[in-house]
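We use all heavy atoms of the structure for the numbers below, so side chains are in, but hydrogens, waters and symmetry mates are not.
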Amino acid sequence: MNTPICDFVKEYNEKKTLRLHMPGHKGRALLGTEGIDITEIDGADVLYSPTGIIAKSEKNAEELFGSGRTVYSAEGSSLCIRAMLYLASLWGKKNGKDNLVLAGRNAHRVFHSGAALLGLDVEWLYGESEGFINCNITPECLEKAISECAKKPFAVYLTSPDYLGNTLDLKALSDICRKHGVLCLVDNAHGAYLKFLPESRHPMDVGAHMCADSAHKTLPALTGAAYLHISKDAPEMLGAQADGAMSLFASTSPSYLILQSLDAVNKYLSDGYAQKLAVFSEKIAETKKRLSERGYMLLGNEPLKITVKAKEYGYLGAELAVILEEKGIVCEFCDRDYLVLMLTPEITEEELVLLENVLCSIERKEKLAEIPPISEKCERVLPIRDALMSAGREISVDGAVGCVLANAAISCPPAIPIAVCGERITESAVKAMKYYGIERVFVL
């Protein structure tokens, strides 16, 4: 597969021209990458009005992912999610839908900011969950929610895989969306690779209308590389207005380092990646089996993620992370309950063996009885937008019971708010915040 963006930048860099254009480094090294860091000069195309090399590269990505339209993001899935919400809301207005989206309660905080910026109403889908990161929305749950909804939602927004490696039955859920005439939107930030499994589990192949993929999370792309995918059978206006939707929220100075990375990943994916992924996924499955036999309790069904329920083994997740780091292994995420490890085929067999050996060398202890607090549903006082756009004051969480949250208090990862902007903070929400290390919040 060709790489038009990479080829153009390489040829331009080799000319050694006097660069009287941005960026300010003029192609001279501080980090060593400046020579191939350019801007939208003549011939380099324009990211959200592409007619040249970017358009060709995006067509390559469309072919690989089987989408009707794929648009690049140099600003991660965050940009794609906001654009996806904007496009869906435009479609909803055109088709007489109410300004309402149904969303899984474990939505990333960028969904909250997108809903606020667009002034969307949100009804939460709670499903069956274990803690606030997981939200197992079943087909029965979604059918009931749509059928009983007093308004006509324009979309259902789902997160799959979630941060812990749990995936939803997107085929059944998207079928329900289509039955009721609403769009199915998926935050697939952790699942770009799912397309290339022996049997694809990617949202574009199981019925979603749009999804956001982070190329940098599970594919060998630079941080910030992402895709907005629109399915082949989605309403035509979604693809036609996708560039405008992205440009509404995007920087006018996209990183050409990231665009080259996305371009190069196309060639990587077309050159035996599926076979490499199949072999590596099988090795991880075998590793998970042996870890389970050793006594570890694992969570989730995502192939490239190992999530340990640490307390079942007698440790806090953070304690296991320290032990691993002492052996030169750094985890993706840890808290009191979980240790999350993200793997890709770029991990060597020797490194996978090292991980297994270190985990198996840790002495199993008596199970920790501590149970994470579950925050009860909070009363909505204001729409997300009204709360987020209001002046707030910072206070200790100890005095926050009964106050209305002005701004979500959660870090990334996992970036899932315990209470939503505009909700009245309950005693159980305060307990949950303190459990996860949140000591101060902004309230109205």
Side-chain angles (χ1 to χ4, degrees), residues 1-65 67 69-80 83 189 192-193 195-196 212-229 242-243 246-247 249-273 276-277 330 342 344-348:
M1 182 168 280
N2 59 24
T3 53
I5 300 175
C6 294
D7 294 346
F8 174 87
V9 175
K10 181 175 183 293
E11 291 171 8
Y12 179 72
N13 188 40
E14 289 173 349
K15 291 178 181 177
K16 303 300 180 185
T17 58
L18 174 59
R19 301 186 182 188
L20 301 184
H21 58 73
M22 298 184 288
H25 53 62
K26 305 306 178 187
R28 279 121 197 218
L30 288 175
L31 297 175
T33 56
E34 285 81 1
I36 58 172
D37 179 34
I38 65 168
T39 189
E40 294 173 320
I41 57 173
D42 185 40
D45 211 353
V46 177
L47 180 52
Y48 297 123
S49 299
T51 58
I53 59 175
I54 294 176
K56 292 177 183 177
S57 185
E58 289 180 340
K59 284 292 183 185
N60 287 340
E62 288 167 13
E63 178 183 332
L64 287 164
F65 284 92
S67 67
R69 181 75 202 282
T70 290
V71 184
Y72 287 161
S73 167
E75 298 168 64
S77 287
S78 296
L79 169 58
C80 301
Y193 75 95
K195 169 66 183 181
F196 305 97
D213 284 8
S214 284
H216 71 258
K217 285 184 168 66
T218 59
L219 302 178
L222 294 179
T223 298
Y227 315 95
L228 171 64
H229 297 299
D243 288 314
M246 294 286 273
S247 66
F249 302 99
S251 169
T252 54
S253 299
S255 166
Y256 267 78
L257 294 176
I258 295 175
L259 294 179
Q260 289 170 79
S261 177
L262 284 163
D263 192 42
V265 162
N266 288 339
K267 188 173 189 303
Y268 171 89
L269 294 175
S270 68
D271 190 17
Y273 172 72
K276 184 189 298 186
L277 177 63
V330 180
M342 293 180 66
T344 73
E346 277 52 61
I347 300 291
T348 67

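- Smallest separation of non-hydrogen atoms from A221 and V265: CB-CG2, 3.8 Å.
- Of all heavy-atom pairs between S214 and A192, the closest is O-CB, 3.8 Å.
- Taken to the nearest 0.5 Å, the CE atom of M246 stands 4.0 Å off from the CG atom of L79.
- Within the structure, side chain to side chain donor-acceptor pair (under 3.5 Å) pairs that include any residue of residues 36-49 comprise H25-D37 (at least two apart or interchain).
- Taking CD1 from I347 and CE from M342, the interatomic distance works out to 11.0 Å, rounded to the nearest 0.5 Å.
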#### Entry: Worked verdict on Y193 versus L277 for side-chain contact (heavy atoms from CB on, under 4.5 Å)
CA-CA 8 Å; Y193 75 95; L277 177 63; 4.0 Å; yes
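- A donor-acceptor pair under 3.5 Å links the side-chain atoms of Y256 to the main chain of A44, judged by distance alone.
- Remark: F65 pairs with F196, H202, Y227, H229 by the ring-ring contact (aromatic ring centres under 6.0 Å, His included) rule, at least two apart or across chains.
- Evaluation of the side-chain contact (heavy atoms from CB on, under 4.5 Å) rule for A226 yields S73, S77, C80 as partners, not counting sequence neighbours.
- The two residues G43 and I53 have their closest heavy-atom pair at O-CD1, 3.8 Å.
- Contacts of N2 classified as side-chain contact (heavy atoms from CB on, under 4.5 Å), with partners at least two apart in sequence or in another chain: P4, N60.
- Applying the salt bridge (Lys or Arg N to Asp or Glu O under 4.0 Å) rule to pairs touching residues 15-28 yields nothing, sequence neighbours excluded.
- Across every non-hydrogen atom of A189 and K217, the tightest pair is O-CD, 3.4 Å.
- Legend: residues meeting salt bridge (charged side-chain N to carboxylate O under 4.0 Å, His left out) with K195, ordered by chain and number and at least two apart, are D205.
- With sequence neighbours left out, the side-chain contact (heavy atoms from CB on, under 4.5 Å) criterion links S270 to M1, L64.
- With sequence neighbours left out, the side chain to side chain donor-acceptor pair (under 3.5 Å) criterion links S247 to no other residue.
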### Message
Applying side-chain contact (heavy atoms from CB on, under 4.5 Å) to S57 and N266, what does each step give before you reach the verdict?
### Response
CA-CA 8 Å; S57 185; N266 288 339; 3.4 Å; yes
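- Applying the side-chain contact (heavy atoms from CB on, under 4.5 Å) criterion to T348, with sequence neighbours excluded, gives E350, E351.
- Here the NZ atom belonging to K56 is positioned 11.5 Å from the CZ atom belonging to F8, to the nearest 0.5 angstrom.
- Among residues at least two apart or in separate chains, salt bridge (Lys or Arg N to Asp or Glu O under 4.0 Å) pairs with a member in residues 69-80 are E58-R69, E62-R69, R69-D243.
- A distance of 11.5 Å separates CD1 in I38 from CE in M22, rounded to the nearest 0.5 Å.
- By the salt bridge (charged side-chain N to carboxylate O under 4.0 Å, His left out) test, K10 pairs with E14, sequence neighbours left out.
- Separating the CD atom in Q260 from the CD1 atom in I36 is a distance of 4.5 Å, to the nearest 0.5 Å.
- Rounded to the nearest 0.5 angstrom, L257 CG and I5 CD1 are separated by 12.0 Å.
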